[in-house]
Amino acid sequence: MSEGLNPVRVRFAPSPTGYLHLGGARTALYDYLLAQKSGGQFVLRIEDTDRKRFIEGAEQDLMNSLRWLGLQWDEGPDIGGPYGPYRQSERKQIYQEYGEKLVEQGNAYYCFCTPERLVKVRAEKQSKKEPPHYDRTCRNIPLEEARKRIAAGEPHVLRFKTPMEGTTTVKDLLRGEITFENKTLDDYIIIKTDGWALYHLAAAVDDHLMKITHVIRGSEWLPTAPLHSMIHRAFGWEEPVWVHLSVFLKPSGKGKMSKREAAELSKDGYSIFVKDLDGLGYLPEAMVNWTALMGWSYDDHTEFFTMQDLIEKFSLEKLNPSPAAINFTKFDYFNKLHIKALSDAELAQRLKPFFEKAGIEAPIATLELVAPILKERITTLDDAVEMARFFFVDDITYMTERFPIEGCSKTETLVIGTKVEQALNSIEVWDTDHLDTSMRALMEQEGKEPRQFFGFLREVISGQRISPPLFESMQILGKAVVLQRLRNALSFIEEKVA
RNA sequence: GCCCCCAUCGUCUAGAGGACCAGGACGCAGCCCUUUCAAGGCUAAAACUGGAGUUCGAAUCUCCAUGGGGGCACCA
């Protein structure tokens with residue numbers, strides 16, 4: 001539990017090449033939790049050394065999504081901090097200096113091979129069923145000669161000089177020591193022809209300079225972890241604690257989510273992109289709870305967690321190294337749970353935009369009255385519009401096939417309707433108790449079953465087959481509105497129902 | 001092809017040698033409650049990948065096999 005005692009510095013280091021998705025969000029969440037729990041710092045660093053893959057607006061999306069989830073960083077490109085700049089594109093010079101240092105120390109060398117030649121080498125190696133690595137042609141060029149060629153303007157990259165014998169052992173917090181045969185490793189390029197550092201160098205340098213204590217990242221980094229360790233060691237730096245999270249698998253459990261499958265999801269009202277979740281009616285609280293539990297657990301029965309709970313209870317030791325399939329049905333469940341946990345006022349506030357989007361004017365005061373009877377029966381905030389629109393819209397659309405009362409004639413329905421009108425009219429105190437007493441008495445007097453009688457009333461006030469509880473709804477609507485709707489319904493039946 | 005990781009119900013997981021004929025949750029099925037829909041309650045079906053070891057004893061430790069996943073760019 002050492003991380004609970006010493007403040008950690010963690011970083012979330014996305015590249016601005018797309019929208020924040022589930023996997024990234026979960027990594028950021030764990031970063032945030034660890035920083036909060038330990039009283040340390042959560043750093044946001046943008047890894048944008050590859051200008052070709054840069055996508056306009058991606059950085060903004062990243063920050064918006066992180067904020068929506070409630071994962072506020074302590075240092076980052078927008079707010080600065082003591083170890084900035086926090087955008088790698090603004091640190092080019094730094095990486096070059098450290099690259100040069102590696103050359104001087106004999107840990108890196110200049111390589112003049114052309115991309116074309118590299119492609120050829122790779123193809124040859126592959127046809128010989130060998131690892132498709134660089135053949136190390138330039139590894140033995142004397143430094144003096146290399147410098148002359150550089151001075152003469154020859155294009156070049158910088159490669160890490162990986163030992164050709166022995167082993168490199170990396171310590172992953174979840175998996176223990178992982179040993180790699182050095183001969184299976186490559187002489188990775190760490191600075192490109194254009195002078196920009198690659199992830200391997202940039203991340204190592206930044207993690208050190210920014211005093212990062214724990215690196216939490218996806219397990220796709222495991223194969224290059226020995227390189228990262230070697231870079232730290234070459235500089236004589238203390239390595240951060242490496243924590244490689246399992247990947248998320250698609251719902252079937254077979255493989256990673258592909259672009260095509262991610263698009264398919266929207267048909268079911270789901271998305272792996274955080275930016276879509278708000279509009280779909282999901283709560284950030286639910287998203288946090290759900291993803292926290294994919295790869296981490298607290299005990300054998302606790303499943304509801306607020307952010308505060310998570311900050312208190314999160315621990316790296318309980319992380320699970322095995323891959324997890326994304327289960328959206330469970331996301332729905334957590335969304336229900338967190339909707340129910342919202343106060344009526346809070347739920348009303350969150351519901352408001354969904355009605356607006358549907359072109360329905362829904363006053364907050366009414367939404368607050370509707371909130372308690374709605375919160376038990378909606379899965380997403382979006383569901384509320386369909387279920388509760390009749391509270392805010394007056395022109396109820398009645399359907400002929402829903403009348404007359406089940407098992408009754410048109411005439412009998414109209415007679416009962418008139419009696420309902422009289423009974424309602426005479427109710428002095430318009431609340432659920434009086435409505436219940438009055439209506440139930442009438443129902444029994446008429447010898448009708450609850451499903452016939454109340455079903456009819458439900459239809460009358462809402463035009464819906466499914467609605468929140470009847471008497472609560474009638475109370476909220478108010479006597480005048482209910483009576484008006486009853487009259488409307490009766491004339492509809494009179495005119496349109498056979 | 002090579003390297004690395006992982007392995008308990010359909011899914012997320014509890015389990016760190018005896019407390020396990022394996023617990024919880026989602027989902028699914030049935031029942032109860034019920035004016036609809038939910039919610040709630042109860043019940044059911046459902047798993048330790050296989051094989052060798054170690055041990056008095058293994059879901060838990062070791063090895064092998066199998067399966068699944070990830071990686072092998074002048075991307076991150």
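Fair warning: this is a prediction, and the values are worked out from it, not measured in the lab. Below, chains carry the letters A, B, ... as their sequence lines are ordered, and counting in each starts from 1.
At a cut-off of 3.5 angstrom, the base of B:C5 holds no donor-acceptor pair with the side chain of A:R175. One can find a donor-acceptor pair under 3.5 Å joining the base of B:C74 and the side-chain atoms of A:T193. The base of B:U35 lies outside donor-acceptor range of the side chain of A:R451, with no N or O pair under 3.5 Å. With hydrogens and angles ignored, a donor-acceptor pair under 3.5 angstrom links the side chain of A:K330 to the base of B:A25.
When distances are taken from the side chain of A:P132 to each of B:U36, B:C5, B:G1, the shortest belongs to B:G1. Comparing B:C6, B:A38, B:U11 by their nearest atom to the side chain of A:S322 picks out B:C6. Here B:C6 is the nucleotide among B:C6, B:G70, B:U35 with the atom lying nearest to any side-chain atom of A:P323. Checking B:A14, B:G40, B:C74 against every side-chain atom of A:V157, the shortest atom distance belongs to B:C74. Closest to the A:N327 side chain, of the nucleotides B:U11, B:A76, B:C5, is B:U11. When the nucleotides B:C3, B:C6, B:C74 are ranked by their closest atom to the side chain of A:L198, B:C74 comes out on top. Between B:C4, B:G71, B:A14, one nucleotide has an atom nearer to the side chain of A:P223 than all others, and that is B:G71. The listed nucleotides are B:C26, B:C12, B:C74; the one nearest the side chain of A:Y333 is B:C26.
The residue A:D186 sits apart from the nucleic acid: no heavy atom pair falls under 4.0 Å. If you check every strand for non-hydrogen atoms under 4.0 Å, A:T379 touches nothing. Within the nucleic acid shown, A:Y199 comes within 4.0 Å of at least one base atom, counting heavy atoms only. Note on A:H244: nothing from the nucleic acid sits closer than 4.0 angstrom, heavy atoms only. Residue contacts for A:P469: at a heavy-atom cut-off of 4.0 Å it reaches a base atom on one of the strands shown. If you check every strand for non-hydrogen atoms under 4.0 Å, A:G218 touches nothing. Counting any heavy atom pair closer than 4.0 Å across all strands shown, A:L293 reaches sugar-phosphate atoms only and no base atom. Residue A:T329 is in sugar-phosphate contact alone, with no base atom involved, counting any heavy-atom pair closer than 4.0 Å across all strands shown. Using a 4.0 Å heavy-atom cutoff across all strands shown, A:K256 reaches sugar-phosphate atoms only and no base atom.
Across all strands shown, B:A19 has no partner, as no Watson-Crick or G-U wobble contact with both distances under 3.5 Å is found. Summarising the base pairing, B:U62 is matched to B:A52 through a Watson-Crick or G-U wobble pair whose two defining distances lie under 3.5 Å. For B:G67, the paired nucleotide is B:C6, the pair qualifying as Watson-Crick or G-U wobble because both relevant distances are below 3.5 Å. In this entry B:A29 has B:U43 as its Watson-Crick or G-U wobble partner, both defining distances falling under 3.5 Å.
Summary of the strand contacts: A:L249 and A:P131 both lie near RNA chain B, and taking for each the nucleotide with the nearest heavy atom, the more 5' one is attributed to A:P131. Mapping A:D299 and A:E376 onto RNA chain B by nearest heavy atom places A:D299 at the nucleotide closer to the 5' end.
The backbone N or O of A:A204 lies less than 3.5 Å from no partner atom in the side chain of A:D207, so there is not a single donor-acceptor pair.
Side-chain nitrogen and oxygen atoms of A:S246 include none within less than 4.0 Å of the OP1 or OP2 phosphate oxygen of B:G70. Under 4.0 angstrom from either OP1 or OP2 of B:C3 there lies no side-chain N or O belonging to A:K183.
In this structure, CD1 on A:I373 lies 10.5 Å from OG1 on A:T432, to the nearest 0.5 angstrom.
A:E303 and A:Y333 form a side-chain donor-acceptor contact under 3.5 Å, judged by distance and modelled atom types alone. Between the side chains of A:S258 and A:E261, at least one donor-acceptor pair of N or O atoms lies under 3.5 Å.
Ring planes of A:Y188 and A:H200: tilted class, angle from 30 to 60°.
Each of A:F334, A:F314, A:W296 was scored for a ring-ring contact (aromatic ring centres under 6.0 Å, His included) with A:F305, with one residue passing: A:W296.
Annotation: A:H338 is not in aromatic contact with A:Y282 [ring centroid separation under 6.0 Å not met].
Atom CZ of A:F390 and atom P of B:C37 are 15 Å apart (whole Å).
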